[in-house]
2 protein chains.
Amino acid sequence: MNKSNLYKGCLEPLVLKLLNDNGRMYGYEMTQKVKELTVGELTITEGALYPLLHRLEADGILTTEVESIGNRPRKYYKLTEKGEKQKSHALEELQNFMRTMQLLLHPQTI
Amino acid sequence: MNKSNLYKGCLEPLVLKLLNDNGRMYGYEMTQKVKELTVGELTITEGALYPLLHRLEADGILTTEVESIGNRPRKYYKLTEKGEKQKSHALEELQNFMRTMQLLLHPQTI
DNA sequence: ATACAATACATAACTTTCTTATGTATATTT
DNA sequence: AAATATACATAAGAAAGTTATGTATTGTAT
């Protein structure tokens with residue numbers, strides 16, 4: 001596993017968290033934001049991100065607004081009401097999982 | 001994601017950690033140990049575990065000793081020297097990843 | 001002015017890593 | 001005697017990524 005790779009399943013909660021905290025974002029913005037915040041430690045690849053965004057939109061978790069910057073289209077995503085619930089659920093689940101893993105990885109526990 | 005499901009990629013470090021802390025273990029024992037330690041929160045499925053153990057053995061990360069309990073064979077695994085290094089690497093990587101995720105999931109950071 | 005890098009989207013082929021289902025056999029408990 | 005637990009294994013399919021590639025616009029450096 002490359003240091004810039006995500007453990008699979010963590011991308012969705014991360015995207016939902018980003019949208020929750022920023023109101024709305026476009027895909028490319030998310031990739032840059034995460035790169036910046038993690039000082040290059042984590043890279044969201046576009047090949048993973050865009051299909052995920054499309055799926056979340058199809059599932060009614062996200063809605064989009066396309067804006068044009070000059071002649072270049074930008075697709076903003078935001079959480080729907082269903083998406084807000086899904087965000088809470090996904091984050092709780094990931095946090096809970098990481099708590100459990102931490103417990104298992106602590107030397108004295110096993 | 002079911003609560004008993006692992007985020008993909010975490011199983012290998014977990015197995016290496018178990019073997020590191022217990023000297024040697026057999027597959028079924030690992031599934032029971034994790035179930036017990038996490039009070040059922042995490043379940044290692046045999047369909048995921050056995051192929052992983054075979055791969056790690058093929059890669060020289062683990063070695064095996066088969067013992068017979070009555071007429072039933074039991075396959076003990078332990079870390080090789082290469083496996084010890086791989087364990088350190090995998091655990092550091094997972095810990096580092098979880099630290100990064102925690103940072104991203106904290107409200108004030110994004 | 002022109003080339004290169006950055007921005008911004010998208011998809012397709014492939015890989016990895018699981019889940020679910022199934023199979024076999026022995027040992028233990030009810 | 002039947003059901004459950006122990007203990008291994010594999011195969012089909014799904015999920016969720018990677019890598020590669022493509023298109024087009026905009027900004028920057030030579």
Side-chain angles (χ1 to χ4, degrees), chain A residues 1-16 18 24-36 40 42-59 61-62 64-77 90 93-94 97 101, chain B residues 1-16 18 24-36 40 42-59 61-62 64-77 90 93-94 97 101:
Chain A
M1 172 108 46
N2 182 294
K3 85 174 173 102
S4 69
N5 289 175
L6 283 161
Y7 286 76
K8 296 187 185 184
C10 297
L11 182 56
E12 177 176 333
L14 178 53
V15 163
L16 296 178
L18 284 163
R24 64 173 208 165
M25 293 182 88
Y26 56 98
Y28 185 75
E29 189 184 9
M30 297 180 198
T31 67
Q32 300 307 303
K33 189 80 176 175
V34 168
K35 201 187 287 176
E36 173 201 323
L42 231 67
T43 301
I44 297 184
T45 63
E46 294 173 300
L49 180 61
Y50 289 117
L52 172 62
L53 291 173
H54 301 163
R55 200 202 81 210
L56 292 174
E57 189 188 1
D59 290 351
I61 309 291
L62 306 180
T64 59
E65 289 164 12
V66 179
E67 286 181 23
S68 281
I69 309 302
N71 281 321
R72 191 157 54 192
R74 199 181 262 182
K75 206 163 162 187
Y76 280 97
Y77 290 88
E93 200 169 62
L94 178 54
F97 175 78
M101 281 304 295
Chain B
M1 170 106 47
N2 183 292
K3 86 174 173 102
S4 67
N5 289 176
L6 284 160
Y7 285 75
K8 296 189 184 184
C10 297
L11 182 56
E12 178 176 333
L14 179 53
V15 163
L16 297 178
L18 284 162
R24 63 172 208 166
M25 292 182 88
Y26 54 99
Y28 186 76
E29 190 184 9
M30 298 179 198
T31 67
Q32 300 307 301
K33 189 81 175 173
V34 168
K35 200 187 287 179
E36 173 200 324
L42 232 65
T43 302
I44 296 184
T45 63
E46 294 175 301
L49 180 61
Y50 288 118
L52 172 62
L53 291 172
H54 301 162
R55 199 203 80 209
L56 292 174
E57 190 188 1
D59 289 352
I61 309 291
L62 306 179
T64 59
E65 289 165 10
V66 178
E67 286 181 22
S68 280
I69 309 300
N71 281 322
R72 191 160 50 192
R74 201 181 263 183
K75 207 165 166 185
Y76 280 96
Y77 290 89
E93 199 169 64
L94 179 53
F97 176 78
M101 280 304 295

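All figures in this text were calculated on a predicted structure; none of them were measured in a lab. Throughout, a chain's letter reflects where its sequence line sits, starting with A, and its residues are numbered from 1.
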Could you list all N or O pairs between the protein and nucleotides 12-15 of chain D that sit under 3.5 Å apart?
unit_1, atom_1, unit_2, atom_2, d
D:dA15, N3, B:Lys8, NZ, 3.0

Report the residues that fulfil ring-ring contact (aromatic ring centres under 6.0 Å, His included) with B:Tyr76, sequence neighbours left out, ordered by chain and then residue number. B:Tyr26

Taking atom C1' of C:dC18 as reference, at what distance in whole Å does atom CG of B:Leu42 sit? 13 Å

Those residues that, when tested against A:Glu57, pass side-chain hydrogen bond (donor to acceptor under 3.5 Å, both in side chains) (two or more places apart): A:Thr64

One character per nucleotide, please: for nucleotides 22-30 of chain C, 5' to 3', B when the base has a protein heavy atom closer than 4.0 Å, S when only the sugar-phosphate does, - otherwise. ----BS---

Angle between terminal axes - the helix from C:dA1-D:dT30 to C:dT30-D:dA1, 5 pairs each end, rounded to 10°: 20°

Looking only at C:dT7, D:dA7, D:dA9, the nucleotide nearest the B:Tyr77 side chain is D:dA9

Taken to the nearest 0.5 Å, the spacing of B:Thr45 OG1 from B:Leu11 CG works out to 7.5 Å

C:dA6, D:dT18, C:dT11: which one has an atom nearest the side-chain heavy atoms of A:His54? C:dT11

Working to the nearest 0.5 angstrom, can you tell me the gap between B:Ile61 CD1 and B:Tyr77 OH? 13.5 Å

Quick check for you: to the nearest 0.5 Å, what is the distance between A:Asp59 atom CG and A:Leu52 atom CG? 9.5 Å

Is any side-chain heavy atom of A:Glu12 closer than 4.5 Å to one of A:Leu16? yes

Output for pair (B:Leu53 CG, B:Met30 CE), nearest 0.5 Å, gives 5.0 Å

Minimum-distance nucleotide to A:Arg55 side chain [options: C:dA8, D:dA16, C:dT11]: D:dA16

The side chain of A:Tyr28 is closest to which nucleotide in this list: D:dC8, C:dC9, D:dT6? C:dC9

Taking the side chain as every heavy atom from C-beta outward, state whether B:Phe97 and A:Leu42 have any pair of such atoms under 4.5 Å apart. yes

For the pair made of CG in A:Leu53 and C1' in D:dA16, what is the distance, rounded to whole Å? 14 Å

Side-chain atoms of B:Lys75 come closest, of D:dA5, C:dA10, D:dA9, to D:dA9

Once side-chain hydrogen bond (donor to acceptor under 3.5 Å, both in side chains) is applied, do any residues pair with B:Gln32, and if so which ones, sequence neighbours excluded? none

I need the full list of salt bridge (charged side-chain N to carboxylate O under 4.0 Å, His left out) pairs touching residues 64-75 of chain A, with sequence neighbours left out, sorted by first then second residue. A:Arg24-A:Glu65, A:Arg24-A:Glu67, A:Glu65-A:Lys78

